[in-house]
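For ligands, and for the atoms within them, numbers begin at 1 and follow the listed sequence.
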Amino acid sequence: MVIILLGAPGAGKGTQAKRIMQEYRIPQISTGDILRAEVEAQSDLGKLVKSIMEQGQLVSDDIMIQIIEKRIQQPDCRKGFILDGFPRTIPQAQALEELIQKRDSGRLKVIEISVPDEEIIKRISNRRVCRVCGKDYNRLFHPPPPDNRCEVCGGDVIQRSDDTEETVRKRLAEYRNKTAALVDYYEKKNRLYRVNGLQSIDQVFRDIQTILERNGP
Ligand code: ADP
Ligand code: ADP
Ligand code: ZN
């Protein structure tokens, strides 16, 4: 099964993708995590995308499609995968369709997690993350340890450089201008399911499970 999580920055895509991965044993593919790892490693790709990401803009479709094409060919993706942060534009969605056509396009489910803008700004400006293992913290819901050492791996817990209020507003604008159209796109293809992202993390996950365990498109 191929699962796409759609939603504004901070809607809870990463949080839910990790829960789905644990429960259904299929990998989470977060394009944001892949890009951040490239930036951290100072690779050619990392150097290319660093300032784009810091400005809250989208990386080009060509680059993103290449990354996904390569990633979903890995053996761990054979039984399916969860896309968190991809596709973000119509051309990305069309490219994905071609890539999965030969395999399980019939088992594609797209889940939109919807959350109002004020809540998004609040969540993201309080988000903190371990720079080593990626564990998520949030100053409002589950604060990082006082010494800012990750409780899982001891790494530094930091704020993402694009998680400032100013950049979040730009990312939200990118979402409305380029990504929100995917909701319509998948609705027309009868693939779209919606969940209310204002609920607790557990309740959002239960709603997602109901969708995944339902038969049909
Ligand atoms: P969030 O889910 O919090 O919005 P991500 O971690 O998914 O953030 O993405 C961080 C940044 O990485 C985006 O603002 C964008 O610059 C870049 N990015 C990630 N995925 C894509 C994509 N599919 N297309 C274009 N840019 C992307
Ligand atoms: P995304 O991947 O869509 O950008 P995240 O999963 O990283 O979003 O969530 C953004 C922030 O909001 C994180 O700090 C996370 O802990 C918090 N969060 C996620 N889901 C919920 C929820 N249902 N209720 C409250 N906070 C949440
Ligand atoms: Zn850690």
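- The shortest N or O to N or O distance between Q92 and ligand 1 is under 3.5 Å.
- Of the protein's heavy atoms, T31 OG1, 2.8 Å lies nearest to atom 20 (N) of ligand 1.
- When hydrogens are left out, the protein atom nearest atom 2 (O) of ligand 1 is K13 NZ, 3.2 Å; that is the closest non-hydrogen contact.
- In terms of protein heavy atoms, atom 26 (N) of ligand 1 is closest to V59 N, 3.0 Å.
- In this comparison of R160, Q57, R127, the heavy atom closest to atom 10 (C) of ligand 1 sits on R160.
- Under the 4.5 Å side-chain contact rule for hydrophobic residues, I211 and Y24 share a cluster.
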Kindly determine whether T210 and Y193 satisfy side chain to side chain contact (heavy atoms under 4.5 Å, CB included), including the steps that lead there. CA-CA 11 Å; T210 306; Y193 299 84; over 6 Å; no

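- Of all the heavy atoms of Y137, the ones lying under 4.0 Å from any atom of ligand 2 belong exclusively to the backbone.
- Inclusion of F141 in the set of residues having an N or O under 3.5 Å from an N or O of ligand 2 is not warranted.
- Geometrically, ligand 2 and E119 share no nitrogen or oxygen pair separated by less than 3.5 Å.
- Residue-ligand proximity, G14 to ligand 2, at heavy-atom distances under 4.0 Å covers atoms 1 (P), 2 (O), 6 (O).
- By the 3.5 Å distance cut-off applied to N or O atoms, G56 is not counted among the residues near ligand 1.
- A donor-acceptor contact under 3.5 angstrom links the side chains of R206 and Q203, judged on distance only.
- In this structure, of V129, V204, I201, the residue bringing a heavy atom nearest to atom 21 (C) of ligand 2 is I201.
- The environment of CD in E213 is crowded: more than 12 heavy-atom neighbours from other residues, nucleotides or ligands sit within 6.0 Å.
- Distance from atom 17 (C) of ligand 2 to its nearest protein heavy atom, with residue and atom name: N138 ND2, 3.9 Å.
- Here the side chain of K109 pairs no donor or acceptor atom with the backbone of M1 at under 3.5 angstrom.
- Between the side chain of R123 and the backbone N or O of A11 there is at least one donor-acceptor pair closer than 3.5 Å.
- By the 4.5 Å heavy-atom criterion applied to side chains, I3 and I208 are not counted as neighbours.
- Contact atoms of ligand 2 toward T15: 5 (P), 6 (O), 9 (O), 15 (C), 19 (C) (distance under 4.0 Å to a heavy atom of the residue).
- Counting only distance, with no hydrogens or angles, the side chain of D156 and the backbone of I158 share no donor-acceptor pair below 3.5 Å.
- Pairing each heavy atom of T31 with each of I68, the nearest pair is CG2-CD1, 3.7 Å.
- Between the side chains of Q66 and D62, no donor-acceptor pair is found at a separation under 3.5 Å.
- Side-chain contact between E38 and D44: absent, with no pair of heavy atoms (C-beta onward) separated by less than 4.5 Å.
- Of all protein atoms, those that are N, O or S and lie under 2.8 Å from the Zn ion (ligand 3) total 4.
- Atom CE of M53 and atom OG1 of T167 lie 11.5 Å apart (nearest 0.5 Å).
- Residue-ligand proximity, L35 to ligand 1, at heavy-atom distances under 4.0 Å covers atoms 12 (O), 17 (C), 18 (N), 19 (C).
- In this structure a side-chain-to-backbone donor-acceptor pair under 3.5 Å is missing from K13 to I4.
- Contact annotation: for R128 versus ligand 2, there are no heavy atoms closer than 4.0 Å.
- Heavy atoms of E174 stay at 4.0 angstrom or farther from ligand 1.
- Closest protein heavy atom to atom 11 (C) of ligand 1: M53 CE, 3.8 Å.
- Counting heavy atoms under 4.0 Å from ligand 2, residue S200 touches it through the backbone alone.
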Let me see the working for F86 and I29 under side chain to side chain contact (heavy atoms under 4.5 Å, CB included), right down to the final yes or no. CA-CA 8 Å; F86 186 97; I29 302 178; over 6 Å; no

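- Those atoms of ligand 2 that come under 4.0 Å of a heavy atom in H142, given as number and element, are 16 (O).
- Put simply, the side chain of R128 reaches to within 4.5 Å of the side chain of R139, judged on heavy atoms.
- No donor-acceptor pair closer than 3.5 Å links the side chain of Q28 to the backbone N or O of A17.
- In terms of protein heavy-atom proximity, atom 1 (P) of ligand 1 is nearest to R171 NH2, 3.4 Å.
- Nearest residue to atom 13 (C) of ligand 1 from R88, R123, R36 is R88 (criterion: closest heavy atom).
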